[in-house]
Student: 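My structure is below; once you've seen it, I'll send some questions.
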Amino acid sequence: MELDWYKIEPYTKKETEKAPDKNGIYALCTMQDTGEYKVRYVGQGNIRERLLCHLSDDDPNKELREHTKKYKMKASYAVVPDPYNRNAIELFLYNTFNPRYNKVQPPCNTPLKVNLFNLR
């Protein structure tokens, strides 16, 4: 499946408020010393709400919340209206990147392979 990926860089509240109020899939990435990014978390849902949640002090994922405050990050996202496809794409991203801050495997048994976003 071919997705149109967009990025929020830097990943800040101000920039994230410009994200679409639509359902989709996203990845949070940390800049490494090499200048390249590494995926730290993948998720899905309302793109703007979920991305803002990870920047708030109310985010239940304490480790991810602390990480977003400490490091330079970007977010990559794609609008995906269909919930089945979101679950399958999230599983593909989870399996591909093995993100450090995801606590549970996505709720799907069959990954849906998609084009990946640029991590540079």
Side-chain angles (χ1 to χ4, degrees):
M1 177 178 214
E2 190 76 18
L3 296 178
D4 292 325
W5 289 100
Y6 301 91
K7 68 180 175 181
I8 298 172
E9 188 175 14
Y11 176 49
T12 62
K13 183 177 179 183
K14 180 180 177 183
E15 293 300 314
T16 301
E17 287 173 342
K18 300 174 190 174
D21 187 21
K22 295 182 177 185
N23 287 323
I25 191 83
Y26 64 91
L28 299 178
C29 311
T30 304
M31 182 181 273
Q32 305 299 293
D33 292 337
T34 61
E36 297 204 357
Y37 284 88
K38 183 171 183 175
V39 175
R40 296 300 188 173
Y41 186 86
V42 296
Q44 64 162 302
N46 180 289
I47 296 166
R48 184 183 312 144
E49 287 178 14
R50 295 291 296 141
L51 291 175
L52 286 171
C53 176
H54 294 307
L55 290 169
S56 83
D57 290 334
D58 297 330
D59 186 359
N61 189 329
K62 181 182 176 186
E63 294 84 8
L64 178 61
R65 183 177 67 229
E66 290 173 0
H67 189 88
T68 59
K69 291 178 181 179
K70 188 174 180 182
Y71 296 99
K72 181 177 179 183
M73 298 185 71
K74 78 173 181 178
S76 295
Y77 68 87
V79 174
V80 181
D82 182 72
Y84 177 81
N85 285 345
R86 283 195 309 272
N87 285 335
I89 294 167
E90 183 181 19
L91 180 61
F92 172 73
L93 296 176
Y94 177 88
N95 290 342
T96 300
F97 296 112
N98 190 28
R100 179 177 182 175
Y101 296 110
N102 281 83
K103 304 265 187 226
V104 293
Q105 182 173 320
C108 184
N109 293 325
T110 307
L112 177 58
K113 186 175 181 178
V114 297
N115 59 309
L116 299 176
F117 43 87
N118 184 353
L119 286 177
R120 294 181 184 259

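Starting from 1, each residue takes its place in the sequence as its number.
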Student: Side-chain atoms of residues 107-115: list all donor-acceptor pairs with protein atoms under 3.5 Å, sequence neighbours left out, distances to 0.1 Å.
Tutor:
| unit_1 | atom_1 | unit_2 | atom_2 | d |
| --- | --- | --- | --- | --- |
| Asn115 | OD1 | Leu3 | N | 2.6 |
| Asn115 | ND2 | Glu2 | OE2 | 3.4 |
| Asn115 | ND2 | Leu3 | O | 3.0 |

Student: Is it possible for you to say whether Tyr37 and Tyr11 belong to one hydrophobic cluster, with membership spreading through side-chain heavy-atom contacts below 4.5 Å?
Tutor: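 Hydrophobic grouping puts Tyr37 apart from Tyr11.
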Student: Answer with yes or no whether the hydrophobic clustering places Val39 together with Tyr71; edges join I, L, V, M, F, W, Y residues whose side-chain heavy atoms lie under 4.5 Å apart.
Tutor: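 Per the 4.5 Å side-chain linkage, Val39 and Tyr71 are not co-clustered.
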Student: Hey, are Glu63 and Lys103 close enough for a salt bridge, meaning a charged N less than 4.0 Å from a carboxylate O?
Tutor: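 Looking at Lys103 together with Glu63, the answer is yes, because their closest N to O distance falls below 4.0 Å.
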Student: Going only through I, L, V, M, F, W and Y residues with side-chain contacts under 4.5 Å, is there a path from Leu52 to Ile47?
Tutor: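 No, it is not one cluster - the side chains of Leu52 and Ile47 are not joined through contacts under 4.5 Å.
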Student: Using every non-hydrogen atom in the two residues, find where Arg48 and Thr16 come nearest and quote the distance to one decimal.
Tutor: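 Shortest heavy-atom contact: CG-O, 3.8 Å.
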Student: Tell me whether the count of non-hydrogen atoms from other residues, nucleotides or ligands lying under 6.0 Å of NZ in Lys70 goes above 12.
Tutor: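 No, because the 6.0 Å sphere around NZ of Lys70 holds 12 heavy atoms or fewer from other groups.
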Student: Nearest heavy-atom pair of Pro106 and Glu90: which atoms, and what distance?
Tutor: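 Residues Pro106 and Glu90, closest heavy atoms: CG-CG, 3.5 Å.
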Student: If a pair satisfies ring pair (Phe, Tyr, Trp, His ring centres under 6.0 Å) and one of its residues is in residues 73-92, list it, with sequence neighbours excluded.
Tutor: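 Only Tyr6-Tyr77 qualify under ring pair (Phe, Tyr, Trp, His ring centres under 6.0 Å).
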Student: For the backbone of Tyr101 and the side chain of Asn61, can you confirm whether one donor and one acceptor N or O come within less than 3.5 Å of each other?
Tutor: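 Yes, Asn61 side chain to Tyr101 backbone: donor-acceptor pair under 3.5 Å.
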Student: Show the nearest heavy-atom pair for residues Asn102 and Pro99, with the distance to one decimal.
Tutor: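 Heavy-atom minimum between the residues: OD1-CG, 2.9 Å.
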Student: With a 4.0 Å cut-off on N to O distance, would you call Lys14 and Glu17 a salt bridge?
Tutor: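 No.
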Student: If you look only at distance, which donor and acceptor atoms sit under 3.5 Å apart when one is on a side chain in residues 22-29 and the other is two or more places apart or in another chain?
Tutor:
| unit_1 | atom_1 | unit_2 | atom_2 | d |
| --- | --- | --- | --- | --- |
| Asn23 | OD1 | Asn46 | N | 3.3 |
| Tyr26 | OH | Arg50 | NE | 3.4 |
| Tyr26 | OH | Arg50 | NH2 | 3.2 |
| Tyr26 | OH | His54 | NE2 | 2.6 |

Student: Grouping I, L, V, M, F, W and Y whenever their side-chain heavy atoms are under 4.5 Å apart, do Phe117 and Ile8 come out in a common cluster?
Tutor: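 No, it is not one cluster - the side chains of Phe117 and Ile8 are not joined through contacts under 4.5 Å.
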